[in-house]
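Working notes, structure below.
Remember, predicted model here, so these are calculated numbers, not experimental data. Just so you know, ligand 1 is whichever comes first in the structure, and atom 1 is the first atom listed for that ligand. This chain uses plain numbering: 1 for the first residue, then up along the sequence. For the numbers below, each heavy atom of this structure counts, side chains included, while hydrogens, waters and symmetry mates do not.
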Amino acid sequence: MKVGIPRALLYHRYGRFWEEFLAGIGAEVVVSRRTDKVLLQKGLSHVSSEICLPIKIVAGHIEELVGKIDVLFLPRLLWLEDKLYACPKMIGIVDIARMMTGDRVRVVAPKIQGSLWLPHFRAGMELCHDPMRVARALTRARRHIPVHDRTPLFPDGEKRVALLGHFYNIGDDFISRPMVDTLTGHGYRICTKDELPESVLRSRQGFARSIRWVYERELYNAFRFLVDKVDGVCMIVSMGCGPDSLVAEFMRDEAQRRDRPFLQLVIDEHTGTAGIVTRIEAFLELAERRQARALQISDSRLKIGGQGRAA
Ligand code: SF4
């Protein structure tokens, strides 16, 4: 039996777990190819132009798989711990997939509400009917669930920028490659939320407590943690994404208060590489000027301190 997984959205966090789990229960796993313009174009013909880019992209991946698979594996994430919900568009992608595929493909969509295990076990049983085999496959595959418990180092003198955005945007080269290449090309280390420990991302302190969307809370917590450790913050926001645009405004305010350059890059299917590069270069210039100003101030403080002691 051929089971297809779209290389989009949650795949960028749980993809390896799903692949090993499905292979473990005897499925032939088919993952759609990497996002490209043709694939995006396929997605555009199935969803409203108003919807955000990641949903347009996943629609393209689903269409790409139809005809090559027997089953589409598309978990529906409702909420994770602390009853933090996924955004409605992400929850609704299973319904979009069912409308797109009709009776051409069977859709298996475990509903995740808090725990990953029981829904995946049930989905495995739908596909292989052997509880021991499903349990074994799940146990083996769980090592691929990303767990971060170490805090990265932030050495003095290093040029760093926080590149914040949903893991399905940063993890998709088609979206993030121009940003990553421009930042690294200018000698900056890129810090993302996915390298931060769970203890930071899950924090409920301050404004984070009021955020009820699971991935927006992660983004905001990552911002709070990184903002004073980097030369600037660059936030990728999908056009038409309500949660992102709201949280990004709070970040922008806070970055301004802390005198950190903040760049909000709004992306959709029309976004061109040249525009992104130009905006990032202007942002880096600002970050460098700010850094030079800060060095000047600290130099003059040192001189004043030295004169005071000499007197
Ligand atoms: S959080 Fe935003 S970008 Fe992500 S699926 Fe929802 S609307 Fe789209």
Side-chain angles (χ1 to χ4, degrees), residues 5-15 32 35 39-40 42-63 72 74-100 107 109 111-113 146 162-179 192-194 201-202 207-208 210-223 233-252 263-271 276:
I5 314 177
R7 193 189 291 271
L9 286 183
L10 295 176
Y11 175 86
H12 291 290
R13 183 162 286 180
Y14 299 113
S32 52
T35 311
L39 205 140
L40 170 61
K42 283 187 186 180
L44 292 177
S45 57
H46 286 283
V47 292
S48 150
S49 59
E50 306 291 310
I51 214 158
C52 63
L53 184 62
I55 298 292
K56 289 169 179 161
I57 286 178
V58 73
H61 283 269
I62 293 168
E63 185 55 37
L72 178 70
L74 192 63
R76 188 199 293 267
L77 175 78
L78 271 91
W79 55 270
L80 283 176
E81 79 288 325
D82 203 14
K83 285 250 164 134
L84 293 177
Y85 278 79
C87 96
K89 290 171 196 163
M90 191 184 273
I91 295 174
I93 188 60
V94 176
D95 305 299
I96 295 177
R98 289 206 165 108
M99 278 192 300
M100 283 174 63
V107 179
K111 206 188 273 183
I112 299 164
Q113 300 179 87
L163 181 61
L164 297 181
H166 292 298
F167 55 88
Y168 40 86
N169 286 332
I170 305 264
D172 190 331
D173 276 0
F174 180 73
I175 295 179
S176 64
R177 180 55 55 202
M179 297 134 198
T192 67
K193 81 178 165 73
D194 294 306
L201 300 181
R202 305 268 168 264
F207 176 61
S210 328
I211 303 177
R212 301 307 305 165
W213 296 296
V214 60
Y215 298 131
E216 302 301 327
R217 188 185 277 186
E218 283 184 4
L219 279 175
Y220 182 75
N221 280 329
F223 165 80
V233 177
C234 181
M235 166 85 176
I236 305 175
V237 174
S238 305
M239 175 86 85
C241 174
D244 272 8
S245 50
L246 187 72
V247 172
E249 279 315 304
F250 281 95
M251 293 183 190
R252 182 199 298 281
L263 172 66
Q264 184 175 321
L265 281 171
V266 181
I267 49 159
D268 68 4
E269 65 275 24
H270 306 296
T271 308
I276 287 179

Single hit among L265, L263, I170, N169 for side-chain contact (heavy atoms from CB on, under 4.5 Å) with M179
L265

With a 6.0 Å cut-off on the ring centroids, do F250 and F207 count as close?
yes

Give a yes or no answer on whether the side chain of R76 reaches the backbone of K111 with a donor-acceptor pair at less than 3.5 Å.
no

Check ligand 1 against [X] and write out every atom of the ligand that is under 4.0 Å from a heavy-atom position of the residue.
| X | answer |
| --- | --- |
| S238 | 3 (S) |
| K89 | 7 (S) |
| P54 | 3 (S) |

Please state which protein non-hydrogen atom is closest to atom 1 (S) of ligand 1 and give its distance, to 0.1 Å?
Y168 OH, 3.4 Å

shortest atom 2 (Fe) of ligand 1-to-protein heavy-atom contact is with C241 SG, 2.2 Å

Under the criterion salt bridge (Lys or Arg N to Asp or Glu O under 4.0 Å), I'd like the reasoning laid out for K56 against D268: C-alpha separation, chi angles, the key distance, then a yes or no.
CA-CA 9 Å; K56 289 169 179 161; D268 68 4; 5.9 Å; no

Can you give me the closest heavy-atom contact between A208 and R217, atom names plus distance?
O-NE, 3.0 Å

Does only the side chain of W213 get under 4.0 Å from ligand 1, or the backbone, or both, or neither? Count heavy atoms.
neither

Intermediate values then yes/no, side-chain contact (heavy atoms from CB on, under 4.5 Å), D244 and H166
CA-CA 9 Å; D244 272 8; H166 292 298; 2.6 Å; yes

To which of A86, S245, C52, C87 does the heavy atom nearest atom 6 (Fe) of ligand 1 belong?
C87

